[in-house]
Amino acid sequence: MTITSFHPPRRTLMGPGPSDVSDRVLQAMARPTVGHLDPAFIGMMDEVKTLLQYAFQTKNELTFAVSAPGSAGMECCFANLVECGDKVIVCQNGVFGGRMKENVERCGGTAVMVEDEWGTTVDPHKLEDALKAHPDAVLVAFVHAETSTGAQSDAKTLVALAHQYDCLTIVDAVTSLTGTPLMVDEWNIDAIYSGSQKCLSAPPGLSPVSFNQRAAEKIRNRQSKVQSWFLDLNLVMGYWGGEGKRAYHHTAPVNCLYGLHESLVIVQEEGLENSWARHQRNHLALRAGLEQMGISFLVAEQDRLPQLNTIYIPEGADDAEVRTRLLNEFDLEIGAGLGALGGKVWRIGLMGHASNQKNIDYCLNSLKAVL
Ligand SMILES: *Cc1c(COP(=O)(O)O)cnc(C)c1O
């Protein structure tokens with residue numbers, strides 16, 4: 001048997017990520033590979049850092065992309081900030097809060113769970129009750145944009161509460177970054193992580209992260225070594241940090257970073273405010289079309305993520321069959337429900353490059369044809 005080159009089909013990606021990657025980003029990734037310590041490459045890494053500082057709205061020096069997907073950015077935050085015996089309050093209102101709990105426990109910490117119903121936001125009152133009940137807690141972690149449900153929590157309020165009780169904060173912004181307002185410095189977020197394949201519309205495989213001074217200090221003053229060699233920020237920063245001189249830590253995914261760089265240049269060209277406004281405008285257009293079809297949303301309007309629309313599967317429609325037909329007949333990918341929402345909802349992403357009127361019309365027409 002002779003295996004030949006792989007040519008993927010051209011899909012329209014309107015699920016929970018990855019989102020459509022523009023030809024511009026794909027072409028950037030096809031440029032020549034250079035050495036990861038090549039001065040030309042290091043200059044580009046410095047630009048990625050500057051562009052990420054803009055996207056996160058932060059001046060944090062410790063801002064870079066972890067060489068692995070969003071889950072590694074999550075693990076990087078927890079592995080560096082949680083020490084054995086630390087008590088961490090984890091707010092959970094969907095799938096990804098559950099992963100945070102796993103991370104805390106694997107770092108030897110104790111997770112105190114604050115649970116909210118899936119499809120609703122993290123309740124600040126419940127967080128405050130937990131902070132009062134656990135004065136020895138040192139960290140609060142929550143998901144800004146729960147991709148499993150499409151609900152957006154009030155990050156600014158939750159972070160301010162955590163600080164009132166002397167806790168540092170870890171915020172999951174995998175789906176929120178550039179899709180919805182996010183102000184790392186203004187909101188005083190201590191540690192944050194995202195992913196390349198959601199609203200940035202770069203291919204999966206990189207996780208932008210940012211840490212403020214307080215978080216960096218906690219990491220420097222750890223009693224024990226970070227248990228992950230690869231994610232230990234004290235070591236990684238020898239490669240990403242500082243000016244000019246770089247020490248070898250690992251071989252950066254060179255061409256993948258070209259793609260992230262290009263996607264961030266596109267964000268800069270559009271402007272963050274314009275990007276947020278476009279995501280909101282397109283959410284409203286999609287909503288209008290879906291409501292005309294009699295389809296309703298899981299999340300209350302004021303809590304909805306414009307970039308991730310979770311809708312109830314219409315009565316009589318077969319979940320798997322509809323999604324399979326959309327993929328096979330229309331090359332269109334939408335997301336299935338996760339966990340308890342499996343079989344009950346679909347998740348329609350309007351993320352980054354995929355958030356446009358053409359995709360909205362295509363999705364609505366394809367859904368109509370299949371239903
Ligand atoms: C997608 C996602 C992740 C995980 O990112 P991967 O790149 O799949 O590892 C984490 N948190 C949220 C909210 C996400 O949407």
Side-chain angles (χ1 to χ4, degrees), residues 13-21 52 55-56 64-79 90-104 106 116 118-122 141-155 158 169-182 184 189 191-210 228 230-231 253 256-257 259-260 263 279 298-299 303-310 333-339 341 345-352 354-355:
L13 299 178
M14 297 181 74
S19 59
D20 282 342
V21 179
L52 281 176
F56 276 128
F64 67 102
V66 175
S67 300
S71 304
M74 180 189 282
E75 194 140 349
C76 179
C77 289
F78 285 91
V90 175
C91 306
Q92 179 171 17
N93 61 337
V95 165
F96 292 101
R99 257 187 218 185
M100 288 178 153
K101 177 175 190 270
E102 274 291 320
N103 270 278
V104 170
R106 284 167 194 237
D116 279 288
W118 291 29
T120 68
T121 60
V122 173
F142 65 88
V143 179
H144 183 212
E146 239 313 339
T147 324
S148 62
T149 67
Q152 170 165 241
S153 291
D154 180 354
L158 297 171
T169 49
I170 296 178
V171 177
D172 178 319
V174 175
T175 283
S176 52
L177 186 65
T178 75
T180 208
L182 171 66
V184 169
I189 293 168
I192 190 160
Y193 60 90
S194 189
S196 50
Q197 78 276 27
K198 313 249 168 150
C199 292
L200 290 175
S201 285
L206 287 167
S207 177
V209 293
S210 186
S228 162
F230 185 69
L231 295 172
C256 213
L257 278 158
L260 179 65
S263 72
H279 282 89
L298 171 76
V299 178
D303 301 332
R304 263 176 222 164
L305 282 169
Q307 62 274 50
L308 201 279
N309 298 265
T310 304
E333 179 178 287
I334 65 168
L338 282 185
L341 293 170
V345 299
W346 289 322
R347 294 178 298 152
I348 303 181
L350 284 173
M351 294 182 178
S355 177

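Start at 1 and go down the list; that is how both ligands and their atoms are numbered. Side chains are part of it too, since the values below use all heavy atoms of this structure and drop only hydrogens, waters and symmetry mates.
- A donor-acceptor contact closer than 3.5 angstrom is absent between the side chains of S201 and S263.
- When each of V143, D303, L298, V95 is paired with T149, the side-chain contact (heavy atoms from CB on, under 4.5 Å) condition holds for L298 and for no other.
- Using a heavy-atom distance under 4.0 Å as the criterion, the protein contacts of ligand 1 are P69, G70, S71, F96, R99, V143, A145, T147, D172, V174, T175, Q197, K198.
- Q152 and T180 share a side-chain donor-acceptor pair at under 3.5 Å.
- Between E333 and M14, every side-chain heavy-atom pair lies at or beyond the 4.5 Å cut-off.
- Not a single salt bridge (Lys or Arg N to Asp or Glu O under 4.0 Å) links D154 to another residue, sequence neighbours left out.
- The backbone N or O of P203 lies less than 3.5 Å from a partner atom in the side chain of S196, making a donor-acceptor pair.
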